[in-house]
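Some notes on the structure that comes next.
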Amino acid sequence: MAFLRDSTSSALLLTLLVVGGCRDGIRPELVGARLQIYSEGVLYDEQTILHAATLQLTGNVLDARGEILEGETVEWRSDKPEVASADVEVGKTVVVSAKGPGTTRIIARHAVGEDTAIVNVAAGLSQNELPTCDGRPAQNLARGEVAVFTGAELLPLCLPGGVAEQGEYTLALINAGETAASQLRVLVQGTQVVTPSPGPNPELRPMLRLNPQERFHSRLREEVNQRLEPLLTSGAGSLRAPTIAPQAAVGQTLSFNTETTSEDGCTHPSLRSGQVRYISQRAIVVADVGNPAGGYTDADYKSFGEFFDSQVWPLVTENFGEPSDSDGNGKVFIFFTRAVNDLPGNSPVNSGSVIGGFFFNRDLFAKSSCAGSNAAEMFYMLVPNPEPASGERRFAKADVERSTRSVLVHEFQHLVNDSRRLHVTKAPVWEETWLNEGLSHIAEELMFYRDSGLAPRSNLRRDAFANLADRESFRQFQLDNLERLALFLQNPEYFSLIGNDVLATRGATWSFLRYAADRRGGNEKDLWGKLVRDVKSSGLTNLREALRVSPLEWISDWGVALYLDDAGVNTDSRYTLASWNFRDLYPAASSLWLSTHHQRYPLRVQSVTAGSPTAFPLQGSGVGYQKLAVAPGKTSAVHVAIASPGSPLLPLPSRVKVAVIRTR
């Protein structure tokens with residue numbers, strides 16, 4: 001997303017990689033503030049411009065809550081202006097111009113600290129200028145061997161065929177960007193290539209429209225969170241008088257705000273009455289008095305309360321920490337309400353999508369700060385509607401009951417995560433949505449292990465589910481994780497592991513967190529606790545602190561593992577998914593209730609064909625796969641570069657790793 005002005009045929013590349021630092025501020029409002037470089041309103045990762053073009057950078061000073069402080073002036077300089085200069089400064093912005101080949105740093109400075117843009121300038125190439133493999137050594141890889149290349153090493157990459165048969169390779173391209181917005185358009189082409197053997201699913205194509213469930217959760221956990229975030233550090237959650245009696249009684253009628261459509265959930269309350277149906281040690285189970293007929297009975301509500309006490313509470317608190325108890329009752333309200341059924345995502349026209357329940361962090365605040373808050377630790381649950389009235393959607397009791405237990409696990413992790421940030425650690429930010437959702441899907445997986453007696457790091461295959469009880473555990477608590485992962489695998493280059501809250505992103509994030517826990521080893525409760533219990537950071541920073549390694553490096557290895565694991569050619573543990581054998585499980589779709597109709601491992605791998613370059617977008621922290629074959633006795637000059645329409649090919653920035661896997 002560069003600003004291109006007055007570009008010339010000399011076609012030089014300017015790439016900027018932001019790294020940052022900060023120190024204590026001077027004025028009171030600068031305490032805890034930091035400086036970050038942006039371009040076009042997006043936090044910087046890397047950008048590319050041509051020689052004589054310009055790029056505008058903005059140095060934003062963010063306070064402790066992440067809000068931009070206006071009126072701040074930032075100083076800029078380049079340590080090698082002959083490579084790229086910081087020409088025109090206006091307030092907090094600067095215009096950067098590429099001058100010549102080399103590397104420099106564009107440095108932004110403010111009282112709170114510095115942020116640095118590392119600048120690489122290199123020549124671009126036209127199609128008729130692409131180097132060949134004449135005089136260059138070929139990459140002689142053994143079958144199953146992996147070699148990783150970056151930048152100019154890919155212009156060209158020389159891959160040999162076999163002596164008597166074609167050589168086959170798969171390229172895993174991982175854009176290890178720190179934001180999903182750091183998207184690139186990548187081109188792959190090769191000489192001397194022939195038709196490779198089929199990839200797992202080359203016929204699959206993008207399916208990118210948000211479904212209603214995704215739209216609802218995206219709004220609730222992203223848009224509304226942004227509006228509630230300033231209250232995190234304002235003390236809004238610390239001073240409260242409970243509006244609901246701390247110790248409720250069975251049969252008592254309570255009133256809850258179920259409104260979810262206002263900007264922050266704090267205005268325009270929509271009150272619903274509910275009757276307390278069961279009280280356990282850790283839960284107060286409440287049923288909306290307006291729920292449809294033919295739904296749950298007192299015995300059902302008792303069963304859910306007992307399940308929460310005996311299974312959900314110990315599993316979530318042992319792994320992630322205990323929730324706050326701001327209303328002083330030592331319990332969580334579980335409100336079974338037709339308000340969930342009435343959400344647009346659960347309407348009859350959206351029969352392919354189900355919102356099984358939700359947690360709303362506005363309820364953690366004092367009513368003095370958020371008038372619509374229920375001032376209680378609680379969440380909201382879908383109810384059966386076996387005989388719907390006109391205009392209502394049918395929800396069979398057995399189906400809703402089956403999903404309820406996994407939703408309880410999922411939403412309780414959210415409650416623990418957000419309540420600890422507000423009331424315990426006093427964090428300045430919520431957890432980033434992609435990681436918060438990924439952790440809730442990990443909680444579902446952990447409940448699967450607890451319920452079935454199976455264990456992680458067991459490379460589970462279909463034969464692990466020989467008995468009906470284990471298959472039912474899989475169906476209740478783990479099936480949806482594999483369904484979401486399949487959405488990612490079918491179009492991996494179009495989604496980011498750290499991107500917006502869509503089901504494919506959730507599947508990828510769950511898979512990576514499971515990979516990271518398995519690779520890290522030891523007691524994984526320690527990892528989950530480090531990510532939730534006492535943290536104030538979020539997103540990749542939180543992961544980096546918990547793992548004590550760069551998560552981007554592990555994301556790159558995970559991208560290779562998605563292709564190599566259980567493929568029969570890998571011996572490197574970095575490229576192993578130790579808990580699940582997906583290549584064996586997905587073809588067992590019918591016996592495990594999976595909807596993967598193709599009955600194959602659903603990873604999309606495209607083919608590189610002679611005379612037909614492949615170009616595709618690659619999201620930040622996304623991955624794409626290209627398969628090619630080289631004729632016997634020949635060497636292919638494979639070029640992998642940035643594809644800019646109407647511009648020369650440019651070397652990939654260093655954050656993009658291309659792992660070359662020899663498969664034949």
Side-chain angles (χ1 to χ4, degrees), residues 212-232 236-237 240 242-244 254-274 283-288 308 312 316 323-327 329 331-346 354-383 404 407-423 427 429-433 436-437 439-440 443 501 506:
Q213 177 189 6
E214 293 170 327
R215 287 196 295 270
F216 172 76
H217 286 293
S218 178
R219 181 186 173 278
L220 205 65
R221 296 213 60 84
E222 293 183 2
E223 296 175 29
V224 177
N225 265 8
Q226 291 175 9
R227 296 184 176 95
L228 288 174
E229 200 159 82
L231 298 179
L232 268 174
R240 81 159 50 157
T243 58
I244 301 172
L254 304 175
S255 181
F256 294 101
N257 175 25
T258 61
E259 190 278 329
T260 60
T261 59
S262 66
E263 287 190 351
D264 56 7
C266 294
T267 57
H268 309 297
S270 175
L271 299 179
R272 287 181 181 260
S273 295
I284 300 174
V285 183
V286 183
D288 190 328
F308 186 82
V312 179
V316 172
S324 63
D325 185 24
S326 56
D327 54 8
N329 61 15
K331 306 178 193 299
V332 172
F333 285 95
I334 306 174
F335 189 29
F336 287 87
T337 172
R338 72 176 304 151
V340 179
N341 299 52
D342 293 342
L343 292 169
N346 281 334
V354 177
I355 301 169
F358 64 92
F359 157 74
F360 200 168
N361 52 12
R362 64 100 189 270
D363 293 324
L364 299 172
F365 290 96
K367 291 183 73 66
S368 58
S369 300
C370 177
S373 172
N374 287 307
E377 285 78 12
M378 68 176 296
F379 32 81
Y380 310 77
M381 303 296 296
L382 183 74
V383 294
T404 292
V407 175
L408 288 173
V409 179
H410 182 106
E411 301 304 334
F412 191 37
Q413 189 287 135
H414 285 320
L415 193 159
V416 168
N417 201 314
D418 285 8
S419 70
R420 292 191 68 83
R421 285 175 177 270
L422 177 62
H423 294 299
V429 292
W430 303 114
E431 181 54 88
E432 292 187 21
T433 299
N436 202 337
E437 290 295 346
L439 289 167
S440 279
D501 185 23
R506 292 190 189 197

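The figures that follow rest on heavy atoms only: side chains count, while hydrogens, waters and symmetry mates do not.
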N/O donor-acceptor pair under 3.5 Å between [X] side chain and [Y] backbone:
| X | Y | value |
| --- | --- | --- |
| S255 | L271 | no |
| S373 | K367 | no |
| N436 | S440 | no |
| H268 | T261 | no |
| E259 | S270 | no |
| N374 | A376 | no |

### L422 vs N361, side chain to side chain contact (heavy atoms under 4.5 Å, CB included): CA-CA, chis, key distance, verdict
CA-CA 9 Å; L422 177 62; N361 52 12; over 6 Å; no
Run the side chain to side chain donor-acceptor pair (under 3.5 Å) test against [X] and tell me which residues pass, sequence neighbours left out.
| X | answer |
| --- | --- |
| R421 | N417, E431 |
| S419 | none |
| D342 | R272 |

Non-hydrogen atoms of [X] and [Y] that approach each other most closely:
| X | Y | result |
| --- | --- | --- |
| M381 | V407 | CE-CG1, 3.5 Å |
| F379 | V332 | CE2-CG1, 3.8 Å |
| A283 | F308 | CB-CD2, 3.8 Å |
| D327 | E377 | OD1-OE1, 3.2 Å |
| Q413 | A443 | CB-CB, 4.3 Å |

Taking atom [atom1] of [X] and atom [atom2] of [Y], what is their separation to the nearest 0.5 Å?
| X | Y | atom1 | atom2 | answer |
| --- | --- | --- | --- | --- |
| H414 | T433 | NE2 | OG1 | 9.0 Å |
| H410 | L439 | NE2 | CG | 10.0 Å |
| C266 | N257 | SG | CG | 9.0 Å |

### Task
Indicate the ring-plane relationship of W430 and F365, choosing parallel, tilted or perpendicular according to the 30° and 60° boundaries.
perpendicular
### Message
Within the structure provided, determine whether L382 and N341 are in side-chain contact (heavy-atom separation under 4.5 Å).
### Response
yes
### Query
By ring-ring contact (aromatic ring centres under 6.0 Å, His included), which residues pair with F336, not counting sequence neighbours?
Y296, Y301, F304
### Task
Evaluate the criterion side chain to side chain contact (heavy atoms under 4.5 Å, CB included) for residue pair V286 and I334; output intermediate values, then yes/no.
CA-CA 6 Å; V286 183; I334 306 174; over 6 Å; no
### Query
Which of these passes side chain to side chain donor-acceptor pair (under 3.5 Å) with Y380: T337, D288, T258, D363?
D363
### Query
Under the side chain to side chain contact (heavy atoms under 4.5 Å, CB included) criterion, do V383 and V340 qualify, and how do the steps go?
CA-CA 8 Å; V383 294; V340 179; over 6 Å; no
### Query
Could you walk me through whether F333 and L254 pass the side chain to side chain contact (heavy atoms under 4.5 Å, CB included) check?
CA-CA 11 Å; F333 285 95; L254 304 175; 3.7 Å; yes
### Summary
Sorted by chain and number, sequence neighbours left out, side chain to side chain contact (heavy atoms under 4.5 Å, CB included) with V416 holds for V316, F320, P323, F412, R420, V532
